[in-house]
Undergrad: 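Take this structure first; my questions come after.
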Protein chains: 2
Amino acid sequence: MTDESFLGNALNGIDAKGRLSVPAAFREVLAARSDGRTLILAPAERADCLVGYDSSYPAKVRAELEARFAGDYSGARDDHFRATFGAAERVPIDENGRIIVSSAMKGTGEFDRLALFWGMGDYFEVWNPLHFVERPNLDPRAIRIVQRLLDARGTV
Amino acid sequence: MTDESFLGNALNGIDAKGRLSVPAAFREVLAARSDGRTLILAPAERADCLVGYDSSYPAKVRAELEARFAGDYSGARDDHFRATFGAAERVPIDENGRIIVSSAMKGTGEFDRLALFWGMGDYFEVWNPLHFVERPNLDPRAIRIVQRLLDARGTV
DNA sequence: TCATATTCCATAGTTTCCCATTGCCAGCCC
DNA sequence: GGGCTGGCAATGGGAAACTATGGAATATGA
């Protein structure tokens with residue numbers, strides 16, 4: 001049984017045109033979960049990074065949110081839905097496995113030249129790697145992995 | 001049941017391309033537990049070595065974590081998922097029973113030329129053998145086993 | 001028309017695949 | 001018992017395939 005979890009990580013470059021390669025390992029998971037020709041990008045709820053998932057995932061998120069806010073008819077509930085769905089984008093993956101990072105997403109993730117893909121099991125995150133390594137309370141093994149990736153790129 | 005436990009040990013070489021033979025005994029266990037064509041490698045929690053599982057592991061861990069963090073929408077939950085999935089890798093086993101040790105994993109396990117596989121029952125560990133023999137409080141008989149393996153390789 | 005965005009093609013460095021070689025152990029025959 | 005033989009495990013090397021990425025060519029829109 002081929003497992004469909006997003007595992008592992010990759011540090012890829014964002015070029016002048018905003019193009020960004022989606023790691024091959026993640027493209028395989030996307031293809032196994034849906035058609036693999038698009039993915040969904042959205043601001044993360046609790047960190048300055050993006051979350052990415054296959055196109056079948058929003059339905060699941062909606063179900064989760066509705067359970068979480070069951071019986072809650074406050075403005076907070078609506079604000080949560082606004083942040084989750086309205087700010088998300090459906091992004092096509094081109095023939096070379098790349099996506100275009102819109103300027104809105106670039107702003108949300110505060111990206112520079114590099115994007116760190118990080119598997120989260122059911123979905124993945126896309127980080128500015130410099131923010132990732134400075135995140136407090138994160139497992140030092142994860143931080144060390146990213147620091148080595150940055151070193152390999154010659155970034156200090 | 002019995003043939004689904006990782007038992008025993010092996011000292012294998014990592015070649016210039018990062019290739020590493022998985023011991024045949026472990027491959028059999030992997031095949032009994034899942035399809036035997038991939039395994040999962042991750043940093044160990046309390047030692048500078050790697051842990052290896054069969055490929056059914058991510059689904060299991062995902063279910064466990066989701067149960068454990070049910071109703072928890074904090075950053076701590078996210079950090080836990082980050083450490084669990086992003087730092088792990090799915091690694092294919094080739095026709096000759098070998099895997100490729102990525103540079104990230106090489107860094108995490110601090111490997112040189114040799115890798116020591118050590119059965120842990122439900123999973124196995126992969127060590128730099130030189131670190132293994134210097135670990136304090138470890139059963140001296142285990143250390144002697146590894147020292148003999150190193151001697152057989154002509155490594156001092 | 002010019003700038004911006006999208007599609008297409010090129011390439012360098014890996015990674016993957018395939019096949020060859022070595023060494024070990026078991027079983028077998030003489 | 002000693003030595004031959006066959007199978008499997010581990011390892012090495014070369015070639016093909018693929019990933020990530022850069023640049024050119026074409027389309028789109030203000």
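Just so we're on the same page: letters track the sequence lines, and every chain starts at 1. All values derive from a computational prediction rather than experimental measurement.
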Undergrad: Is there a path of hydrophobic side-chain contacts, each under 4.5 Å between heavy atoms of I, L, V, M, F, W or Y residues, that connects B:M120 with B:I40?
TA: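 Result: yes, single cluster for both.
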Undergrad: May I ask you to verify if any side-chain N or O of A:S21 is less than 4.0 angstrom from the OP1 or OP2 atom of D:dT19?
TA: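 Result: no.
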Undergrad: Quick one: ring-ring contact (aromatic ring centres under 6.0 Å, His included) partners of B:Y53, sequence neighbours excluded?
TA: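 Result, ring-ring contact (aromatic ring centres under 6.0 Å, His included) vs B:Y53: B:Y57, B:Y123.
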Undergrad: Would you mind reading off the distance between B:E28 atom CD and D:dC8 atom P, rounded to a whole angstrom?
TA: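 Result: 12 Å.
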Undergrad: What is the separation between atom CG on B:L114 and atom C1' on D:dT11, rounded to the nearest whole Å?
TA: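 B:L114 atom CG is separated from D:dT11 atom C1' by 13 Å.
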Undergrad: Closer than 4.0 Å, any side-chain N/O of A:R153 to the OP1 or OP2 of D:dT21?
TA: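 Affirmative; the distance criterion is met.
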Undergrad: Do A:D139 and B:R82 meet the salt-bridge criterion of a basic N to acidic O distance under 4.0 Å?
TA: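 Salt bridge: no.
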Undergrad: How long is the gap from CD1 on B:I100 to CZ on B:R19, to the nearest 0.5 Å?
TA: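 The CD1 atom of B:I100 sits 6.5 Å away from the CZ atom of B:R19.
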Undergrad: Given atom CG of A:L11 and atom C1' of D:dT19, what is their separation to the nearest angstrom?
TA: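 So the two atoms are 15 Å apart, to the nearest Å.
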Undergrad: Write down the distance between CD1 (B:I99) and C1' (C:dC17), rounded to a whole number of angstrom.
TA: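 Roughly 17 Å, once rounded to whole Å.
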Undergrad: To the nearest 0.5 Å, tell me how far B:E64 CD sits from B:T84 OG1.
TA: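 OG1 of B:T84 is found 10.0 Å from CD of B:E64.
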Undergrad: In whole Å, I'd like the distance from the CG atom of B:L149 to the P atom of C:dC24.
TA: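 Rounded to the whole Å, the gap is 14 Å.
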Undergrad: In whole Å, what is the span from the CZ atom of B:R27 to the C1' atom of D:dT11?
TA: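 To the nearest whole Å, that distance equals 12 Å.
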Undergrad: Tabulated below should be each protein N or O lying under 3.5 Å from an N or O of nucleotides 7-11 of chain C; please produce it.
TA:
| unit_1 | atom_1 | unit_2 | atom_2 | d |
| --- | --- | --- | --- | --- |
| C:dC9 | N4 | A:N96 | ND2 | 2.8 |

Undergrad: Whole angstroms only, please: what is the CG-P distance between A:L116 and D:dA20?
TA: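 Interatomic distance, CG of A:L116 to P of D:dA20: 14 Å.
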Undergrad: Write down the distance between CZ (B:F117) and C1' (D:dA10), rounded to a whole number of angstrom.
TA: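 Checked: the CZ to C1' distance equals 12 Å.
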Undergrad: Indicate, with a heavy-atom threshold strictly under 4.0 Å, whether B:P92 touches base, sugar-phosphate, or nothing.
TA: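 Touches nothing.
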Undergrad: State which residues pass ring-ring contact (aromatic ring centres under 6.0 Å, His included) with B:F117; sequence neighbours excluded, sorted by chain then number.
TA: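 Testing B:F117 for ring-ring contact (aromatic ring centres under 6.0 Å, His included), a comparison that skips the adjacent residues, returns B:F124.
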Undergrad: Using the ring of each side chain (for Trp, its six-membered ring), is A:F132 parallel, tilted or perpendicular to A:W118, with breaks at 30° and 60°?
TA: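 Tilted: the ring planes of A:F132 and A:W118 meet at 30° to 60°.
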